[in-house]
J.: 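Encoded as structure tokens, here's the structure I'll be asking about.
Note on naming: letters A, B, ... go to the chains in the order of the sequence lines (proteins, then strands), and numbering restarts at 1 for each one.
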Amino acid sequence: MPLTAVIDFETTGISPGCGDRATEVAIVLLEGGRVVDRFQSLMNAGVRIPSFITQLTGITNAMVAGAPDAAQVMTQASRFVGDAPLVAHNAAFDRKFWQAELDRAGLAAPQPFICTLLLSRRLYPQAPNHKLGSLVDFHGLPRTGQAHRALADAEMAVELLGQIQHDLRTRHRVASPDHALLMALQRCAKSAVGALMARHAST
DNA sequence: TGCCAGGCCCTCTTTAGGGCCTT
């Protein structure tokens, strides 16, 4: 059964290119849609956390000061993920920090990313918006833990991914909504979603 | 010097502009 790793970063800002760093990472490992393991850690990147980020996430400078070094955490995270595809909400954001933090640790980042934001825009155009929390509420999915903490947000992305795969099976009659189909769906134009679903629908 | 994201997607578009989404 192929593994899937759902990831979420908390960071000091939005751009590693402008010096922003990760402060926390959480990864939920799925096998056949079931949670089989979890990884979560604060990390100390040696940079100060802006006060508005602390207000947003609850993560303080004191908390990361007592956390393991960022390179040490990323080495553990990389081993935990292995070569499993990574899933994130707005994956462009988490991919930037995954690549930047692994690069700083001297590690490769070969994993492909699947984006629940892109998938939701294609599958749920009727949603009020496509923020992670809004989509969780839109589908009536459970919220666990504190929002804007890495593990709680990763768990919400797990629930959303499960809803996406459920809807592909039941509403679009896709027998096997595997990584390849999800990658194809997030890449295809919105106008081509119907044709893609038709090609993968079981008869 | 001063400023600083960036990919996706829609539309009053396509020789562009602006909102969304992540922290």
Side-chain angles (χ1 to χ4, degrees), chain A residues 5-28 40-64 67 70 73-74 77 85-104 109 111-139 141 143 145-161 163-164 182-196:
Chain A
V6 181
I7 188 168
D8 187 76
F9 278 107
E10 302 306 319
T11 71
T12 62
I14 55 176
S15 176
C18 293
D20 292 323
R21 298 293 304 274
T23 56
E24 185 179 45
V25 62
I27 302 160
V28 180
Q40 178 192 23
S41 182
L42 290 164
M43 65 177 83
N44 185 355
V47 297
R48 289 198 60 79
I49 302 172
S51 59
F52 79 94
I53 293 288
T54 294
Q55 289 183 339
L56 177 70
T57 66
I59 298 172
T60 65
N61 285 298
M63 289 164 67
V64 297
V73 173
M74 291 306 298
L86 285 158
V87 176
H89 195 70
N90 195 10
F93 175 86
D94 292 281
R95 184 176 58 229
K96 282 190 301 186
F97 281 93
W98 179 251
Q99 292 174 339
E101 293 293 347
L102 285 180
D103 186 58
R104 285 176 175 272
Q111 299 84 357
F113 270 76
I114 293 167
C115 179
T116 53
L117 170 62
L118 294 182
L119 294 171
S120 293
R121 280 177 174 165
R122 282 153 180 73
L123 294 175
Y124 312 119
Q126 73 278 26
N129 63 60
H130 293 87
K131 295 177 183 176
L132 178 58
S134 298
L135 287 164
V136 165
D137 292 340
F138 176 71
H139 291 296
L141 299 170
R143 285 172 175 260
Q146 178 188 349
H148 295 299
R149 286 300 298 267
L151 185 57
D153 284 1
E155 298 273 13
M156 284 201 290
V158 167
E159 295 289 342
L160 179 57
L161 176 64
Q163 182 71 45
I164 288 168
L182 297 177
M183 296 287 286
L185 179 56
Q186 73 180 4
R187 279 197 309 265
C188 84
K190 276 189 170 181
S191 59
V193 169
L196 179 68

J.: Where the side chain of A:I53 is concerned, which of B:dC8, B:dC21, B:dT23 is the nearest nucleotide?
T.: B:dT23

J.: Do the non-hydrogen side-chain atoms of A:R143 and A:D137 ever get within less than 4.5 Å of each other?
T.: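 A:R143 vs A:D137: side chains touch.
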
J.: Counting the atoms with a prime plus P, OP1 and OP2 as sugar-phosphate, which does A:T12 contact under 4.0 Å by heavy atoms, base, sugar-phosphate, or nothing?
T.: nothing

J.: Would you indicate what A:D20 reaches in the nucleic acid, counting non-hydrogen atoms under 4.0 angstrom: base, sugar-phosphate, or nothing?
T.: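 Touches nothing.
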
J.: Please report the distance separating the C1' of B:dG6 from the corresponding atom of B:dT23, rounded so that it comes out in whole Å.
T.: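 B:dG6 and B:dT23 have their C1' atoms separated by 14 Å.
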
J.: Given B:dG7, B:dC9, B:dT22, identify the nucleotide with an atom nearest to the side chain of A:I14.
T.: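 Closest nucleotide among those given: B:dT22.
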
J.: Please state how far atom CZ in A:R21 lies from atom P in B:dT22, giving the value in whole angstrom units.
T.: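 Going from A:R21 (CZ) to B:dT22 (P), I get 23 Å.
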
J.: Out of curiosity, A:L132 CG to A:L141 CG, how far, rounded to the nearest 0.5 Å?
T.: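 Those atoms lie 9.5 Å apart.
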
J.: Nearest nucleotide by nearest heavy atom, which residue falls closer to the 5' end of DNA chain B, A:R121 or A:H148?
T.: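 Its nearest nucleotide lies further toward 5', so the answer is A:R121.
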
J.: In terms of ring plane angle, is the pair A:F9 and A:F97 parallel, tilted or perpendicular, where the classes change at 30° and 60°?
T.: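 It falls in the tilted class, 30° to 60°.
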
J.: Report the distance from atom CZ of A:F97 to atom P of B:dG6, rounded to the nearest whole Å.
T.: 11 Å

J.: With heavy atoms under 4.0 Å as the rule, sort A:G13 into base, sugar-phosphate or nothing.
T.: base

J.: Find the distance A:K96:NZ to B:dG7:C1' and express it as a whole number of Å.
T.: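 Atom-to-atom, A:K96 to B:dG7, this comes out as 9 Å.
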
J.: Side chain of A:D8, heavy atoms from C-beta onward: which of B:dG7, B:dG6, B:dT23 has the nearest atom to it?
T.: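 Nearest listed nucleotide: B:dT23.
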
J.: What is the distance, rounded to the nearest whole Å, between atom CD of A:Q186 and atom C1' of B:dG7?
T.: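 About 12 Å, once rounded to whole Å.
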
J.: Can you name the closest pair of heavy atoms from A:I7 and A:A88 and give their distance?
T.: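 Here A:I7 and A:A88 meet closest at O-CB, 3.6 Å.
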
J.: Once you round it to whole Å, what is the distance between C1' of B:dG7 and CD of A:Q99?
T.: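 Taking CD of A:Q99 and C1' of B:dG7, I get 13 Å after rounding.
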
J.: For B:dC12 and B:dA16, measure between their C1' atoms and round to the nearest Å.
T.: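 Per the computed distance, 11 Å lies between those C1' atoms.
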
J.: Expressed in angstrom and rounded to an integer, what is the separation of A:L119 atom CG from B:dC21 atom P?
T.: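 Answer to the nearest Å: 15 Å.
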
J.: Between B:dT23, B:dG6, B:dC9, which nucleotide has the shortest distance from any of its atoms to the side chain of A:E10?
T.: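 Of all the options, the side chain of A:E10 is nearest to B:dT23.
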
J.: Out of B:dC9, B:dG7, B:dA5, which nucleotide sits closest to the side chain of A:L118?
T.: B:dC9

J.: Taking the P atom of each, how far is B:dT13 from B:dG18, in whole Å?
T.: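 One P to the other, the span is 13 Å.
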
J.: What integer distance in Å separates A:R187:CZ from B:dC9:P?
T.: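 The distance from CZ of A:R187 to P of B:dC9 comes to 12 Å, rounded to the nearest Å.
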
J.: Nearest to the side chain of A:H130 - B:dC10, B:dC21, B:dT23?
T.: B:dC21

J.: Would you indicate which nucleotide in B:dC21, B:dG7, B:dT23 comes nearest to any side-chain atom of A:N90?
T.: B:dC21

J.: Please classify the nucleic acid contact of A:R149 as base, sugar-phosphate, or nothing, using heavy-atom distances under 4.0 Å.
T.: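 A:R149: no heavy atom of the nucleic acid under 4.0 Å.
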
J.: Do A:I59 and A:R149 come within less than 4.5 Å of each other through their side chains, counting heavy atoms only?
T.: yes

J.: Choose from B:dC10, B:dC8, B:dT22 the nucleotide whose nearest atom is closest to any side-chain atom of A:K190.
T.: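 Side chain of A:K190 sits closest to B:dC10.
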
J.: Taking atom C1' in both B:dG19 and B:dT1, what distance in whole Å separates the two?
T.: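 So the two C1' atoms sit 30 Å from each other.
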
J.: Taking B:dT14 as the reference, what is the distance to B:dC21 when you measure between their C1' atoms (whole Å, please)?
T.: 24 Å

J.: Does A:R95 have a side-chain nitrogen or oxygen under 4.0 Å from the phosphate oxygens OP1 or OP2 of B:dG7?
T.: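 Result: no.
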
J.: Using a cut-off of 4.0 Å on non-hydrogen atoms, how would the nucleic acid contact of A:F9 be classed: base, sugar-phosphate, or nothing?
T.: sugar-phosphate

J.: For the side chain of A:L132, starting at C-beta, report the closest nucleotide among B:dT23, B:dC9, B:dT22.
T.: B:dT22

J.: Measure the spacing between CG of A:D94 and OG1 of A:T11 and express it to the nearest 0.5 Å.
T.: 9.0 Å

J.: Report the nucleotide, chosen from B:dA5, B:dC8, B:dC21, that has the shortest atom-to-atom distance to any side-chain atom of A:L117.
T.: B:dC21

J.: Heavy-atom nearest nucleotide on DNA chain B for A:C188 versus A:N129: which residue maps closer to 5'?
T.: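 Result of the comparison: A:C188.
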
J.: I need the CZ-C1' distance between A:F93 and B:dC20, as an integer number of Å.
T.: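 Answer to the nearest Å: 15 Å.
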
J.: Is there a side-chain contact (heavy atoms from CB on, under 4.5 Å) between A:L151 and A:E155 once you walk through the steps?
T.: CA-CA 6 Å; A:L151 185 57; A:E155 298 273 13; 3.9 Å; yes

